[in-house]
Amino acid sequence: MSSEPSTPHEDAKPHFIPRSAELDELASLLPLLGVELGDNRVFNVWGEKGVGKSSFISEFRESERMRKEKVLWIQPTRDEPLDDIPEFIRACAKTIRYPSNPDNEKKISEQLESVQRGKVNPIVSDDSILITRSSIAKQKKAYINQAAASSVGRTENVRDDFEINVGLGESKANNHAEGFLDALPLKSLGTDLTIIYIEHYDRLSVTVMDWLRDYVFPAATNGAYRRSLVFLLESQDPLRFAYPLENWGDWSNLTEDFQLPPLNESDTLKTARALVTDPARASFLAHGSLGYPADLQASAKQVAALDLKPARAFLETLDKVDQLKIAALSLPKIVQADEISSLFGQEASSIFDWAKELPTDLIARSSNGKSLNFDEGLRCEAISRFADIPKFQSCAKAWRPAGRLSRNVPSRNERSKLLLLAGLLWIDTQLCNALFKDQANKILPFVTDSKSIFKRKQNRYCISSHLRDDLLKTALSMEHPGVGIVFKKASKLWEERKTEIESQISQIESQIEDRGQELKELSHKQTETIAQIRIQDRATNESDTPNKGPGLLSKILHRGEGDSHSPDSLRKLNKSLSAQIQEKEGEVDTLKAELHSAQDALKHPYVPATLQ
């Protein structure tokens, strides 16, 4: 093993080792040959921060497969929010990529620039010229846009014997939407799919989202401006948590999530070896990064420059068994006494105490004695010595969930609270108060204020999808009370709550049925009253003589009510019946809302069916 510090490759730069399986999977999801009726339109690549989502999509866009496919890429990226429609279109115009037809990029960009300035010029557009047949042109009977587009077609050539008719809608938003879509080439012109890739779609303003939902999506789906257009997004969670689905309008049910996990061990090691020449240092870099490409890049130079001589001298004073313990303890960046049970099980406490007393300056002890900080050179040397040993590999695999959790939730205080909630699925105020009682005032603000850790749905919260699996595995390996005592209590509370909700649903359904019957009776009575009013009105109109008396139906309806059968009384009764019907309908609406709320509560249990 060389004692000289290793340096990164001279040409080392951010580079992504292709994840062939994931690339193929994403390609299979996208409608690369054109969008058909019912195909998904919004695709969300989600995963943890630093997992390499942007690099993965960039690699996918520039891959050989995309050069063969007829796909146009647009990436409206800006450092600040995209507040209005022209800003969004301008950002699109600046980021045109057409791998299979790069010569056409400038032309499409110029067309989009014209749209955002509000100067839609159909004469220079690929396909926005809406034409009529020459025979009709001679008769001066031009089609309107939709008719021209659907029955004749489009052309980029101006013809004297063709009459051009361009109309971009009634509103400015419509103009922008239709002009925007018209700047994108049709499938018939050689483009099977247009992908609008939004890296930070939380930067889109409400105005832009409303415009996309209400104007662009409907036009892209139907009619003269129909396009094979899809949106590709990035986020840290599935769409149901990352953004309200209703904001996708016509495409709300045409969405699909694609999870991008950290790099697998093979790709992690390949990437590390591309960054650091020394295989031993590359091995440490791979283990320390936990498969996050961003962390590999960030640590490469530091790892290459480490001085390993002091670490080697210290490790040589220990036997192989103790060296292996040091290697396992080197997996965490900071060794916490109560967080290494996944590495050593019940022996964790004694091994921690042993390491704390080792006579070396390469291991720093915290002031309270509950954590240890290993020198990076010691971590590198210890891990690289045992990287290929099965027992160490088993430790590394066991540590990975806890390591990722520590990376994504660096605060030890936050991790402690989060581990308490590891066995829960949906969390609300009622559950927190019942579980934690006096401590709920500490847990509740943590849940409601930590937006990167918890996702909200109405008044309920759940742990973010990119954390949940690692959190649960960590809590189980630690035998933490969060998956023991807290889970059992929450399970019991849910069973009680479930019984209460089911009883509530039964009662509400019964009340709705009763109100329905009452409404039916009131409606029947009102119908009879209206009929009697009409009979009396007709009798009055047909005879000049005073009404000789109430009819039989009126007597039956108003038996014992004195002169309640008079026309005025009947009208008052009808008005009263209308008010009662309106009141009952309001009660039914309220009951239906309560029923929907109760049924929705059943879909959000406090705990999962199983923790495994």
Side-chain angles (χ1 to χ4, degrees), residues 70-78 80-132 142-146 148-149 152-160 162-191 193-198 204-205 207-221 223-231:
K70 299 172 183 177
V71 178
L72 172 68
W73 286 77
I74 303 175
Q75 182 178 348
T77 302
R78 286 184 61 177
E80 65 272 11
L82 294 171
D83 292 327
D84 56 43
I85 297 165
E87 280 184 352
F88 176 81
I89 299 175
R90 189 182 307 121
C92 288
K94 292 179 179 179
T95 55
I96 301 296
R97 285 288 291 114
Y98 207 167
S100 65
N101 191 1
D103 294 338
N104 211 22
E105 291 176 1
K106 183 178 180 182
K107 189 175 185 180
I108 296 170
S109 179
E110 289 173 349
Q111 290 167 193
L112 284 171
E113 279 286 350
S114 296
V115 173
Q116 66 89 12
R117 290 194 300 269
K119 299 177 181 178
V120 180
N121 186 352
I123 304 302
V124 300
S125 173
D126 259 357
D127 55 284
S128 65
I129 297 179
L130 308 182
I131 65 173
T132 66
Y143 282 114
I144 61 170
N145 278 359
Q146 187 170 357
V152 181
R154 299 163 183 246
T155 179
E156 58 182 311
N157 300 314
V158 179
R159 296 278 299 278
D160 291 334
F162 280 24
E163 182 164 321
I164 301 170
N165 182 283
V166 180
L168 294 179
E170 297 178 356
S171 70
K172 188 174 181 180
N174 259 329
N175 290 351
H176 274 125
E178 294 169 0
F180 174 73
L181 291 171
D182 246 343
L184 308 179
L186 286 165
K187 183 175 180 180
S188 60
L189 295 172
T191 303
L193 184 67
T194 296
I195 296 175
I196 297 183
Y197 164 44
I198 302 180
L204 297 183
S205 68
T207 299
V208 173
M209 283 300 302
D210 286 349
W211 175 69
L212 290 171
R213 179 194 64 216
D214 297 334
Y215 295 96
V216 176
F217 294 167
T221 306
Y225 296 90
R226 182 172 64 252
R227 287 296 190 279
S228 287
L229 174 69
V230 301
F231 273 68

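These numbers were taken from a predicted model, which means no experiment stands behind them.
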* **Derivation and outcome, side-chain contact (heavy atoms from CB on, under 4.5 Å), residues L229 and V216** => CA-CA 10 Å; L229 174 69; V216 176; 4.3 Å; yes
* Asked: When rounded to the nearest 0.5 angstrom, what is the spacing between NZ in K187 and CZ in R226?
  -> 11.0 Å
* Structure fact -> Separation between CD (E113) and NZ (K94), nearest 0.5 Å, reads 7.0 Å
* **F217: ring-ring contact (aromatic ring centres under 6.0 Å, His included) partners, not counting sequence neighbours** => F231, W248, W251
* Asked: R227 side chain to T194 main-chain N or O, any donor-acceptor pair under 3.5 Å?
  -> no
* Structure fact -> d(S228 OG, L184 CG) to nearest 0.5 Å is 11.0 Å
* Structure fact -> Here the gap from L181 atom CG to Y215 atom OH, rounded to the nearest 0.5 Å, amounts to 14.0 Å
* Quick one: CD on E110 to CD1 on I96, what's the gap to the nearest 0.5 Å? -> 11.0 Å
* Asked: side-chain contact (heavy atoms from CB on, under 4.5 Å) between Y197 and T95: does it pass, once the steps are laid out?
  -> CA-CA 10 Å; Y197 164 44; T95 55; over 6 Å; no
* To do: For D83, enumerate each residue passing the salt bridge (charged side-chain N to carboxylate O under 4.0 Å, His left out) test, keeping only those at least two apart in sequence or located in another chain.
  => none
* **With sequence neighbours excluded, residues passing salt bridge (charged side-chain N to carboxylate O under 4.0 Å, His left out) with R97** => E62, E105
* Could you walk me through whether I196 and V230 pass the side-chain contact (heavy atoms from CB on, under 4.5 Å) check? -> CA-CA 6 Å; I196 297 183; V230 301; over 6 Å; no
* To do: Compare every heavy atom of P99 with every heavy atom of W73, then report the nearest pair and how far apart it is.
  => CD1-CD, 4.1 Å
* F180: which of I89, L212, I85 passes side chain to side chain contact (heavy atoms under 4.5 Å, CB included) -> I89
* Asked: What is the minimum heavy-atom distance between A183 and Q111, and which atoms define it?
  -> O-NE2, 3.0 Å
* **Rounded distance [0.5 Å steps], OG1 in T191 versus OH in Y98** => 2.0 Å
